Amino acid sequence: MSTTLAWFGDSYTVGQELGTHHGGFTTDEYDDRIPSLPIIDRQRGRPDLAFPILTSKQLKLDFLLYGAGGRAITGMYCDLLEFAKTKKDGVNYVAVFAFPGPVSRCHYIDNDNNYVNFPDTNILRHQLRFHKFETTLNINNIYTTCVAHDITPYFVSTWSRLELLDHYNIVPGANWLLPHDSALTELAWGFSDPPQDWLTILKPNNRVFDTYISPCLNHPNILGQQVLADSMTKLLKDKLLGV
């Protein structure tokens, strides 16, 4: 049975800002493998240069990419629900969830079925008070949905550490590629305590910013993406040996 990697994530997974410096995303080679393509900014995003596609190529596996700029964890769960409805029979799906930070982004459907994407003051206050609880429950939901639909899930905190409530957490440790309170950027780029963003005059870590972000402002440059892919490939390789 063939294996396909299904990637879920935010702007890091679609190479945001790389198009600004290396030309827009003009190829149609991957159109059938990027379900989120209609909402990707082709002028700024370069999913072909981002770590999910690079990792898939290194592992020589087919892939689907559901990444999108600003994606919240709740949005990734909604993407999973859509994927579960359309996945093909006879394919072994391994889903990789590259989680963003838990606050300051939003994906809700209100009672009138309207999509709410931009956090307002009330939502931000709510997240600051309840983000550990909500993050724990949302990741539990993602895990159980994957199990129910015969999808193997793996989780990683991409650029921001996540805090969970251990008492309510049901996700086995084996499904985390790294501990949830450490980030992929920390492992790949060799530093600790990642910032929520890099959009400050005084950078939290000039070496990391100059090496792995610049000339981008808040997202990995080409080297940053390649090093993330190298680390992700190593993390997934052992997990996939028995697939």
Side-chain angles (χ1 to χ4, degrees), residues 3-16 33-36 39 47 50-56 59 61-87 92-103 105-107 131-132 134-164 168-188 194 220 225 228-229 231-240 243:
T3 296
T4 293
L5 293 175
W7 295 88
F8 300 83
D10 69 349
S11 52
Y12 268 54
T13 65
V14 296
Q16 194 80 337
R33 298 178 185 176
I34 308 179
S36 58
I39 58 174
F51 74 87
I53 291 183
L54 297 179
T55 299
S56 301
L59 293 170
L61 292 175
D62 201 1
F63 64 87
L64 293 169
L65 176 58
Y66 284 83
R71 235 355 165 231
I73 294 175
T74 47
M76 295 167 64
Y77 181 41
C78 290
D79 291 334
L80 170 64
L81 295 175
E82 292 299 319
F83 167 60
K85 297 174 185 176
T86 60
K87 71 184 188 73
N92 178 55
Y93 287 105
V94 175
V96 183
F97 295 86
F99 291 127
V103 299
R105 55 181 60 190
C106 174
H107 188 115
H131 70 83
K132 294 181 186 179
E134 289 197 338
T135 300
T136 303
L137 293 192
N138 284 326
I139 294 177
N140 284 347
N141 288 337
I142 289 172
Y143 172 76
T144 55
T145 298
C146 285
V147 171
H149 289 272
D150 199 25
I151 301 165
T152 303
Y154 291 114
F155 304 140
V156 68
S157 303
T158 309
W159 47 265
S160 177
R161 298 171 179 176
L162 291 177
E163 297 177 280
L164 304 181
Y168 296 100
N169 174 33
I170 64 169
V171 178
N175 291 88
W176 283 91
L177 297 174
L178 291 172
H180 61 78
D181 57 355
S182 64
L184 178 64
T185 52
E186 293 182 90
L187 172 70
Q225 289 283 5
L228 290 176
S231 293
M232 184 63 79
T233 298
K234 292 177 182 177
L235 292 171
L236 279 172
K237 205 167 224 180
D238 289 339
K239 300 286 187 182
L240 297 174
V243 172

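Positions are given from 1, in the same order as the sequence printed here. Keep in mind that this is a model prediction, so the values were computed, not measured.
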Hey, what do you get for CG (Leu187) to OG (Ser157), rounding to the nearest 0.5 Å? 12.0 Å
Looking at CG of Leu164 and CG of Asn140, how far apart are the two atoms once the value is rounded to the nearest 0.5 Å? 8.5 Å
Looking only at heavy atoms, which two atoms of Ala229 and Leu54 are closest? And how far apart? CB-CB, 3.6 Å
State, to 0.1 Å, how close Thr13 and Gly67 come at their nearest heavy-atom pair, and which atoms those are. OG1-CA, 3.3 Å
Report the relative orientation of the aromatic rings in Phe99 and Trp176; use parallel for angles under 30°, tilted for 30 to 60°, perpendicular for over 60°. tilted
Shortest non-hydrogen contact from Arg161 toward Pro194: NE-CD, 3.9 Å
Would you say Pro52 and Val96 make side-chain contact, with heavy atoms under 4.5 Å? no
Beyond-backbone contact of Leu228 with Pro220, side-chain heavy atoms, under 4.5 angstrom: yes
Answer with yes or no whether the side chains of Trp7 and Thr55 bring together a donor and an acceptor at under 3.5 Å. no
Would you check if Leu59 and Thr3 make a side-chain contact, meaning some heavy-atom pair closer than 4.5 Å? no
Determine yes or no for a side-chain-to-main-chain donor-acceptor pair under 3.5 angstrom, with Arg71 supplying the side chain and Ser11 the backbone. no
Here the pair of heavy atoms bringing Asp10 nearest to Gly70 is CB-N, 4.4 Å
Indicate the atoms forming the closest heavy-atom contact of Leu177 with Lys239, along with that distance. CD2-CG, 3.9 Å
Taking atom CG of Asn92 and atom CG of Leu240, what is their separation to the nearest 0.5 Å? 9.0 Å
Between Tyr12 and Gln225, what is the shortest heavy-atom contact and its length? O-NE2, 3.0 Å
Among Ile73, Thr158, Leu162, whose side-chain contact (heavy atoms from CB on, under 4.5 Å) with Pro100 holds? Ile73
Any side-chain heavy atom of Leu235 sitting closer than 4.5 Å to one from Tyr154? no
CD1 of Ile53 to CG of Leu5: how many Å apart, nearest 0.5 Å? 11.5 Å
Minimum side-chain heavy-atom gap Leu80-Phe83 below 4.5 Å: yes
Would a 4.5 Å heavy-atom cut-off, applied to side chains only, mark His131 and Glu134 as touching? no
Does the side chain to side chain contact (heavy atoms under 4.5 Å, CB included) test come out yes or no for Met232 and Val156, once each step is laid out? CA-CA 9 Å; Met232 184 63 79; Val156 68; 3.8 Å; yes
Flag for Thr136-Asn169: side-chain donor and acceptor within less than 3.5 Å: no
Between CZ of Phe155 and CE of Met76, what distance do you get to the nearest 0.5 Å? 9.0 Å
Please round to the nearest 0.5 Å and tell me the distance separating atom CD of Glu163 and atom CG of Asp181. 8.5 Å
Is any side-chain N of the basic residue among Lys87 and Asp150 closer than 4.0 Å to the acidic one's carboxylate O? no
